[in-house]
Structures are given as C-alpha cells and as structure tokens.
Number of protein chains: 2
Amino acid sequence: MDSLLQRIDQEIVAIGGKRSRSRAQVIEVFFRTGTHVTVEELTHAVRKRNRSVGSATVYRTVKLLARLDYAKELDFGDGLKRYESNLEAHHDHLVCQECGAVFEFKEPRIETLQEQVAKQHGFFPTMHRLDIYGYCRKCAPGDKRNRDK
Amino acid sequence: MDSLLQRIDQEIVAIGGKRSRSRAQVIEVFFRTGTHVTVEELTHAVRKRNRSVGSATVYRTVKLLARLDYAKELDFGDGLKRYESNLEAHHDHLVCQECGAVFEFKEPRIETLQEQVAKQHGFFPTMHRLDIYGYCRKCAPGDKRNRDK
DNA sequence: AGTGAATTTGAAATTCATTATCATCATAGG
DNA sequence: CCTATGATGATAATGAATTTCAAATTCACT
Ligand SMILES: [Mn+2]
Ligand SMILES: [Mn+2]
Ligand SMILES: [Zn+2]
Ligand SMILES: [Zn+2]
C-alpha cells in the first residue's frame, strides 16, 4: 500500500511533476475507499482527514490516476462519473437501477467472443464496457421483501 | 414510414398529447437520418426543412421517442448523447476512437452468457450496454494508409 | 537556511450539454 | 368561434467537470 503510493509518486516525478500533500491524501483515500466512487464521495472522504482539500484537486487527481492507468473511469449513466482502482483484473458490472448497488463479474467466454467479433469487423479493440442493468436480489420485483409494495 | 409516424402520433394522443407540426418533422427526420445521431446533428437536419424549430423541441422529442420505446439513448463517452431508432433488433457497438465511426454487431452467444451471469448473481437484467472501443479498419495503427504517421 | 524556477493548490469563474421556465401559439373538441 | 390544454421556442437555469489565477508548495541548487 505504501509501496503503491511510492510507485505512483515516482511515476509522477518521472512525468515532470512534484509531490504534494493534498494529492497524496486523495490517492491514499482513493485506494482505501470502497470502489465505484464518485468525485463527491471521494472528496467527502478526503475531507474527513484534511478539511481544506478542494474538489478541483480531487477531480485532477482522479484524472491523473486514470491517465497513469491506476484508476478506471466508469459511467453508469446517472450523470456523474465514478472511479475504481485499476489494480484488480478486468471485470464487468451488474448495476441495480433501484438501489444503485454494483456487482462485478468476470466471464472469459464473453471476452473471447468480443475479440472474435472485433476481428470479424477488422477492428482493433483497445477496451470495452459491458454493463448489465436491472434489479438486484434485494430489489427484484416479486421478491418476498417487496411483496407488499 | 408514414404508417410509423401515424402509429406514434396515435400513441402520443393516447398518452394525452396533441399532434404538432414541429414534433412530427423531428420524428420524420429522425427516422430518415443516419443513426447514432446527436441532438445537434438532428437539429441541423430538421432545420434544413423548417428553420424555426428550436433545439428544445428536438431534445423533448427525442426523449419522448425514447420513453415510447421508439428510440434508444446512447452514450459513447464523448460528452453528448446519441440516439438511434429502436425499430431494429437489439445490437451492440464497435466505436472507433480515432474517427468516431460506429459499427453494429449481434452475437447471440454473448447475450446468452449475459443472461447466465445475471442469473448466477440473482440479478434480473432489464437491459445492457456493450461497447467495444478501438480502431476501425481505416484508422488501425500499422495500416498501410497510416504507415507515414 | 536561502533563492528561484516550476508545479500545485483551492476558490472562483467558466464551459457545455441538457433541462426548466414561461409567455405565446397551435390543436381539438364542443 | 370558444375555450381548455398541450406544445413551442427563446431564454434562463442547472450541474458536473474544467479552467483560471494568485498564492502556496516543492525541490534542485547554493
Ligand atoms: Mn468494478
Ligand atoms: Mn446502433
Ligand atoms: Zn438493488
Ligand atoms: Zn476509425
């Protein structure tokens, strides 16, 4: 964890940047915080530690992490971007449109089929996004918990 | 085509709406125009026929079509929404991040696997979005056409 | 520690797609 | 024609994200 922060710092310096307190705090909180976080959520979390961090810095830091491939930018269509650590392996998402819960899954067979589809179209894929929207177990219509409206 | 417009008009009336010239023009141009269109593009196309149509009406109409399930709202992550006819069967997209071209594909095996994944998670899917980003044939790095940077 | 160039910061201003407002217009039924 | 109500288009408002900018911080070099 500390070594991760060091590694990132190093990379920033290599790019011609300088270390900074606020940014380091944002990065640390980002990797400790629950995933699929919005900038607003992350800003609040950071401010618990350092009240004076501006949201502009959070926006900047999260974009920087995405540029360095340490974070992934997500968009579940609700009007604000979310971010997740990019340290874990690639995965796709199930998004509950009732409670907003996000579940992750891996399905190598889907990945393979995507490669095939791309190849069939002479297309060189660099990334993809597969989001499945619907209702999670708790919010499912007809579920016992929801029987009485 | 005319029958489509009539059918939509009928549905709007059933919802408690009235017919209107501007809206009818937007709808007709929408179904004649190339797909994956932005509101700005659609507004320009409509104004070739009727200079006085306001973009607010185009926004409203396209949202209405989406609500009535005649149109689908798309978001390829470039900051503006796109719309396509929802008369054709479901399909997913290949998006070139160089030239912006969009290609469509159907892969029933992917659809099936998605159902399975959802079921495994006790999730009731209502829709999904699969976008593959990369470089199309023309924009592919290493392509003859791009050999000289 | 001091100096100075370069980067970063936080607040505020700006951007830009989209939505809401509202006075006016069009539609449709009696 | 009348009237009720929905629709329009110009404009204002919204809100997430970006940019601006003066002040603060970092850091290599004395
Ligand atoms: Mn995830
Ligand atoms: Mn399409
Ligand atoms: Zn749920
Ligand atoms: Zn291309």
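The structure presented is a predicted model; accordingly, all values stated were derived computationally and were not measured. Protein chains get the first letters and strands the later ones, always in sequence-line order, with residue 1 at the start of each.
A:Tyr135 and A:Ala140 make their closest contact through CB-CA, 3.9 Å (heavy atoms, listed as atom of the first residue, atom of the second, distance).
You'll find the side chain of A:Glu11 stays beyond 4.5 Å of the side chain of A:Gln6, heavy atoms only.
The phosphate of D:dT26 has neither OP1 nor OP2 within less than 4.0 Å of any side-chain N or O from A:Ser20. Within the structure, a side-chain polar atom (N or O) of A:Ser22 is placed less than 4.0 Å from OP1 or OP2 of C:dG10.
Separating the CD atom of B:Gln25 from the P atom of D:dT8 is a distance of 10 Å, rounded to the nearest angstrom. Atom C1' of nucleotide C:dT8 and atom CG of A:Asp9 are separated by 13 Å, given to the nearest angstrom. If you take NZ of A:Lys63 and P of D:dT18, they are 4 Å apart, rounded to a whole angstrom. Taking atom CZ of B:Arg19 as the reference point, atom P of D:dT5 lies 19 Å away to the nearest angstrom.
For DNA chain D, the residues of residues 30-59 of chain A within the heavy-atom distance limit of 4.0 Å (strictly under) are A:Ala56, A:Tyr59, sorted by number. Within a heavy-atom distance below 4.0 Å of DNA chain C, the residues of residues 74-83 of chain B found are B:Gly79, B:Leu80, B:Lys81.
Heavy-atom neighbours of A:Gln10 CD from other residues, nucleotides or ligands within 6.0 Å: at or below the threshold of 12. A 6.0 Å sphere centred on CD of B:Gln116 holds more than 12 heavy atoms belonging to other residues, nucleotides or ligands.
Taking the side chain of B:Arg23 as heavy atoms from C-beta on, and the options C:dT27, D:dA7, D:dC27, the nearest nucleotide is D:dA7.
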Please test A:Arg82 against A:Phe76 for side-chain contact (heavy atoms from CB on, under 4.5 Å), starting from the C-alpha separation and ending with a verdict. CA-CA 8 Å; A:Arg82 290 163 194 282; A:Phe76 295 143; 3.6 Å; yes
CA sep, side-chain torsions, deciding dist, call: B:Leu74, B:Glu84, side-chain contact (heavy atoms from CB on, under 4.5 Å): CA-CA 8 Å; B:Leu74 307 173; B:Glu84 70 177 357; 3.8 Å; yes
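In this structure, the side chain of A:Asn86 engages the main chain of A:Asp69 through a donor-acceptor pair within 3.5 Å.
With hydrogens and angles left out, the side chain of B:Arg60 and the base of D:dG9 share a donor-acceptor pair within 3.5 Å.
Between B:Leu64 atom CG and B:Arg60 atom CZ the span is 11.0 Å, to the nearest 0.5 Å. Here the straight-line distance linking atom CZ of B:Arg7 with atom CD1 of B:Ile12 works out to 12.0 Å at 0.5 Å rounding.
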Identify the pairs formed between an N or O of the protein and an N or O of nucleotides 2-6 of chain C at a distance under 3.5 Å, and give each distance.
from	atom 1	to	atom 2	distance (Å)
C:dA6	N3	A:Lys18	NZ	2.5

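Consecutive Watson-Crick or G-U pairing (both distances under 3.5 Å) extending over three or more pairs maps onto DNA chain C as C:1-30 with D:1-30.
In summary, A:Lys81 and A:Asp75 do not engage in a salt bridge, as defined by a charged side-chain N under 4.0 Å from a carboxylate O. By the 4.0 Å N-to-carboxylate-O rule, A:Lys63 lies close enough to A:Glu73 to be salt-bridged with it.
For residues 94-121 of chain B, no residue pair satisfies the ring pair (Phe, Tyr, Trp, His ring centres under 6.0 Å) rule, not counting sequence neighbours. Evaluation of the ring pair (Phe, Tyr, Trp, His ring centres under 6.0 Å) test over residues 19-73 of chain B, restricted to residues two or more places apart or in two chains, returns B:His36-B:His93.
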